[in-house]
Amino acid sequence: QVQLVESGGGSVQTGGSLTLSCAASGRTVSHWVISWFRQAPGKEREFVAAVKGSGGDNSYYADSVRGRFSISRDSARNMAVLQMNSLKPEDTAIYYCASGTPVPFGEPRKYVYWGQGTQVTVSS
């Protein structure tokens with residue numbers, strides 16, 4: 001029904017920046033949440049950021065990334081973008097895009113639609 005594809009991952013030095021994109025296709029709904037999660041080896045998948053609706057200031061962030069990351073949504077292009085600045089080694093993980101109508105939106109088990117993930121590596 002819905003397909004999500006992430007892109008933009010890579011390797012950067014501490015303090016660098018990366019921009020991740022999530023392209024959606026299929027029977028998407030404009031008011032569905034689009035979120036980013038990340039998972040490091042040996043750790044649970046954790047919430048990073050989310051944007052609700054097709055516009056307006058409806059963004060939410062984990063405390064660990066607030067002030068450094070910014071999520072935006074382009075409904076006309078069926079895309080969501082995560083701008084990551086001031087990256088730290090602890091940001092190293094596979095980053096996943098997810099969408100749906102989760103309650104609560106920060107719980108990964110509540111999402112049905114997921115992308116394949118994109119690797120982000122931050123080195124000292």
Side-chain angles (χ1 to χ4, degrees):
Q1 183 177 353
V2 175
Q3 296 81 43
L4 304 174
V5 179
E6 304 96 334
S7 62
S11 299
V12 297
Q13 298 287 327
T14 297
S17 298
L18 284 173
T19 302
L20 305 184
S21 297
C22 174
S25 62
R27 300 174 64 181
T28 57
V29 179
S30 62
H31 68 269
W32 283 3
V33 170
I34 301 179
S35 297
W36 288 94
F37 292 81
R38 65 187 183 187
Q39 188 166 22
K43 303 187 71 174
E44 295 183 349
R45 191 166 299 187
E46 66 174 345
F47 172 76
V48 176
V51 59
K52 296 182 178 180
S54 59
D57 188 10
N58 299 309
S59 301
Y60 305 86
Y61 301 92
D63 290 342
S64 59
V65 306
R66 187 177 293 107
R68 300 189 296 121
F69 293 8
S70 179
I71 189 171
S72 61
R73 182 170 184 160
D74 186 345
S75 295
R77 294 181 170 87
N78 295 314
M79 292 179 56
V81 174
L82 183 69
Q83 177 65 49
M84 305 186 297
N85 300 317
S86 302
L87 285 163
K88 307 173 181 179
E90 48 263 50
D91 295 318
T92 296
I94 300 176
Y95 284 70
Y96 298 90
C97 177
S99 188
T101 56
V103 181
F105 62 80
E107 173 53 63
R109 294 177 296 179
K110 301 299 185 179
Y111 287 80
V112 175
Y113 304 106
W114 291 87
Q116 81 287 352
T118 185
Q119 177 71 49
V120 171
T121 302
V122 185
S123 62
S124 301

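All figures in this text were calculated on a predicted structure; none of them were measured in a lab. Nothing fancy with the numbering, it's 1 onward along the sequence.
Rounded to the nearest 0.5 Å, atoms CD (Glu90) and OG1 (Thr14) are 8.0 Å apart. Taken to the nearest 0.5 Å, the CD1 atom of Ile94 stands 5.0 Å off from the CD atom of Gln119. Separation of atoms CG (Asp74) and OG (Ser21) is listed at 10.0 Å; rounding is to 0.5 Å. Atoms SG and CD, from Cys97 and Gln116 in turn, are 9.5 Å apart once rounded to the nearest 0.5 Å. In this structure, CZ on Arg73 lies 11.5 Å from NZ on Lys52, to the nearest 0.5 angstrom. Ile71 CD1 to Asn58 CG: the interatomic distance, rounded to the nearest 0.5 Å, is 11.0 Å.
The cluster map of Ile, Leu, Val, Met, Phe, Trp and Tyr, joined by side-chain heavy atoms under 4.5 Å apart, puts Tyr113 and Val81 in different clusters. Taking hydrophobic clusters as Ile, Leu, Val, Met, Phe, Trp and Tyr residues chained together by side-chain heavy-atom distances below 4.5 Å, Val5 does not share a cluster with Trp114.
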message: The test is side chain to side chain contact (heavy atoms under 4.5 Å, CB included); show your working for Thr92 and Val120 and say whether it passes.
response: CA-CA 5 Å; Thr92 296; Val120 171; 5.8 Å; no
- prompt: So Tyr111 and Ser99, side chain to side chain donor-acceptor pair (under 3.5 Å) or not? Walk me through it.
  reply: CA-CA 6 Å; Tyr111 287 80; Ser99 188; over 6 Å; no
- request: Step by step, work out the side chain to side chain donor-acceptor pair (under 3.5 Å) result for Gln3 and Ser25.
  value: CA-CA 5 Å; Gln3 296 81 43; Ser25 62; 3.3 Å; yes
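Residues Pro89 and Ser124 approach most closely at CG-OG, 3.7 Å, considering heavy atoms. Here the closest non-hydrogen pair linking Leu82 and Val48 is CD2-CG1, 4.3 Å. Among all heavy-atom pairs drawn from Ala80 and Ile34, the shortest one is CB-CG2, 3.5 Å. Of all heavy-atom pairs spanning Glu6 and Tyr95, the tightest one is OE2-O, 4.0 Å.
Between Gln83 and Ser17, some side-chain heavy-atom pair lies under the 4.5 Å cut-off. Residues Leu18 and Leu87 are in side-chain contact: their nearest non-hydrogen atoms beyond the backbone lie under 4.5 Å apart. Counting heavy atoms from C-beta on, the side chains of Trp32 and Val2 come closer than 4.5 Å. Proximity of Thr118 to Leu20: side-chain heavy atoms (C-beta onward) are separated by under 4.5 Å at one or more points. For the pair Met79/Cys22, no side-chain contact is recorded, criterion being any heavy-atom separation below 4.5 Å from C-beta on.
Taking the six-membered ring where tryptophan is involved, the planes of Phe37 and Phe47 are perpendicular, since the angle between them exceeds 60° and thus also 30°.
Stacking of Lys110 on the aromatic ring of Phe105 is not recorded, the 6.0 Å distance cut-off and the 45° axial limit not both being met.
Here the side chain of Arg45 pairs no donor or acceptor atom with the backbone of Gln39 at under 3.5 angstrom.
Between Tyr61 and Phe69, the distance from one ring center to the other does not fall under 6.0 angstrom.
Under the salt bridge (charged side-chain N to carboxylate O under 4.0 Å, His left out) criterion, the residue pairs touching residues 28-38 are Arg38-Glu46, Arg38-Asp91, with sequence neighbours excluded.
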